Peer 1: 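Take a look at this one; I'll ask things after.
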Amino acid sequence: MSAIVKFPISIELPVQWGEMDAFQHVNNVTYLRWFESARIAYFRAAKLMYDMPRTGPIMARQNINYRLPLTYPDTVVVSAAVSSMGTTSFQLQMELRSKAHDLAVAADGDAVIVMFDYQQQKKTAITPELRAAIESLQG
C-alpha cells in the first residue's frame with residue numbers, strides 16, 4: 001500500500017473482550033468492523049450520505065493486510081483518507097494502529113467506494129459538491 005501523508009480522519013476504539021476468538025486474539029472480522037467505523041466517520045465528515053437513501057456510497061471492493069494480532073486490553077486508532085478519485089468512485093486508504101504496541105500498524109488496507117443511485121440501481125457521478133468536500137477534508 002502506498003503511503004498517505006495525511007489521514008484526516010482518525011478514531012479511537014477500545015478492544016472488547018468479546019472480540020477475541022478461540023485462538024486468543026481479536027478475530028479477523030473485527031478489523032473489518034473497525035475499518036467500517038473509520039469509513040463511516042470519513043463519510044460523515046465529508047457529508048457523503050446527505051442524500052441517503054436515494055444516492056450514496058456502496059462498497060465495490062475491500063482489501064486488508066493483517067500485520068499484527070491484537071488482544072484485550074488495547075485501544076486501536078483507525079484512520080481513513082481518500083487517495084484517489086475518479087468519475088463515479090474513489091479509493092479509501094485505511095490504517096489501524098495499536099496503542100498497546102506503541103502505535104505499531106496492526107492492519108492496513110483500502111476500499112473502492114462507488115457512488116450509487118439506489119432508486120435506479122446504478123452508479124452515479126461524484127457531484128462537484130462531494131468532490132470539493134473530499135478535497136477540502138484531504139487538505
Side-chain angles (χ1 to χ4, degrees):
M1 179 174 79
S2 60
I4 297 294
V5 175
K6 177 185 173 195
F7 284 102
I9 298 298
S10 291
I11 60 172
E12 290 190 11
L13 300 168
V15 173
Q16 304 292 319
W17 172 263
E19 292 169 329
M20 293 198 307
D21 60 21
F23 298 108
Q24 299 303 305
H25 61 256
V26 172
N27 186 273
N28 62 296
V29 174
T30 302
Y31 290 66
L32 293 168
R33 288 188 183 125
W34 290 335
F35 277 178
E36 176 185 53
S37 294
R39 188 170 62 247
I40 296 303
Y42 192 100
F43 290 174
R44 292 187 67 187
K47 297 179 176 47
L48 195 137
M49 300 190 306
Y50 72 94
D51 201 23
M52 292 292 286
R54 192 175 71 78
T55 62
I58 193 168
M59 186 176 304
R61 176 182 57 79
Q62 184 169 6
N63 294 311
I64 186 169
N65 303 303
Y66 298 96
R67 308 245 181 238
L68 182 66
L70 299 178
T71 58
Y72 173 88
D74 197 350
T75 298
V76 295
V77 179
V78 193
S79 303
V82 169
S83 58
S84 64
M85 277 192 287
T87 305
T88 61
S89 65
F90 58 90
Q91 185 168 0
L92 192 67
Q93 300 290 129
M94 293 161 290
E95 182 180 81
L96 189 148
R97 293 180 176 268
S98 164
K99 284 193 167 184
H101 294 275
D102 298 320
L103 293 176
V105 175
D108 56 35
D110 64 90
V112 173
I113 308 298
V114 176
M115 292 308 295
F116 197 74
D117 184 320
Y118 285 93
Q119 292 178 343
Q120 295 185 26
Q121 291 293 296
K122 65 179 187 176
K123 64 185 176 179
T124 188
I126 296 173
T127 64
E129 296 82 11
L130 176 56
R131 187 173 300 276
I134 289 172
E135 288 170 352
S136 175
L137 191 56
Q138 287 300 135

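Computed from a predicted model, the values in this text were never measured in an experiment. Sequence positions, counted from 1, serve as the residue numbers for this chain.
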Peer 1: So His25 and Phe23, would you call those rings parallel, tilted or perpendicular, with 30° and 60° as cut-offs?
Peer 2: parallel
Peer 1: Does any part of the side chain of His101, heavy atoms only, come nearer than 4.5 Å to the side chain of Leu70, both counted from C-beta?
Peer 2: yes
Peer 1: Are any non-hydrogen side-chain atoms of Leu130 and Met115 less than 4.5 angstrom apart?
Peer 2: yes
Peer 1: Go through it in stages, so that I can follow the logic: the residues are Asp110 and Gln91, the test is side chain to side chain donor-acceptor pair (under 3.5 Å), and I'd like the CA-CA distance, side-chain angles, deciding distance and then a yes or no.
Peer 2: CA-CA 7 Å; Asp110 64 90; Gln91 185 168 0; 3.3 Å; yes
Peer 1: More than 12 heavy atoms of other residues, nucleotides or ligands under 6.0 Å from CZ of Arg61: is that the case?
Peer 2: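 Check passes, neighbour count above 12.
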Peer 1: Please round to the nearest 0.5 Å and tell me the distance separating atom CZ of Phe35 and atom CE of Met59.
Peer 2: 10.5 Å
Peer 1: Report the distance from atom CD of Glu95 to atom CG of Leu103, rounding to the nearest 0.5 Å.
Peer 2: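 Taking CD in Glu95 and CG in Leu103, the distance rounds to 9.5 Å.
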Peer 1: Looking at CG of Leu68 and CG of Leu96, how far apart are the two atoms once the value is rounded to the nearest 0.5 Å?
Peer 2: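 Here the interatomic distance stands at 9.5 Å.
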Peer 1: Closer than 4.0 angstrom, basic N to acidic O: yes or no for Asp108 and Arg67?
Peer 2: yes
Peer 1: What do the steps show when you test Ser98 against Asp74 for side chain to side chain donor-acceptor pair (under 3.5 Å), and what is the final call?
Peer 2: CA-CA 7 Å; Ser98 164; Asp74 197 350; 2.5 Å; yes
Peer 1: Mind checking whether Pro57 and Phe116 have side chains closer than 4.5 Å, heavy atoms only?
Peer 2: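 Side-chain contact under 4.5 Å: no.
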Peer 1: Report yes if the side chains of Pro8 and Tyr42 come closer than 4.5 Å at any heavy-atom pair, otherwise no.
Peer 2: yes
Peer 1: Evaluate Glu12 against Lys99 for salt bridge (Lys or Arg N to Asp or Glu O under 4.0 Å), listing each step before the verdict.
Peer 2: CA-CA 10 Å; Glu12 290 190 11; Lys99 284 193 167 184; 3.0 Å; yes
Peer 1: Considering only heavy atoms from C-beta outward, does the side chain of Val26 approach that of Val15 to under 4.5 Å?
Peer 2: yes
Peer 1: Less than 4.5 Å apart, any side-chain heavy atom of Gln62 and any of Leu32?
Peer 2: yes
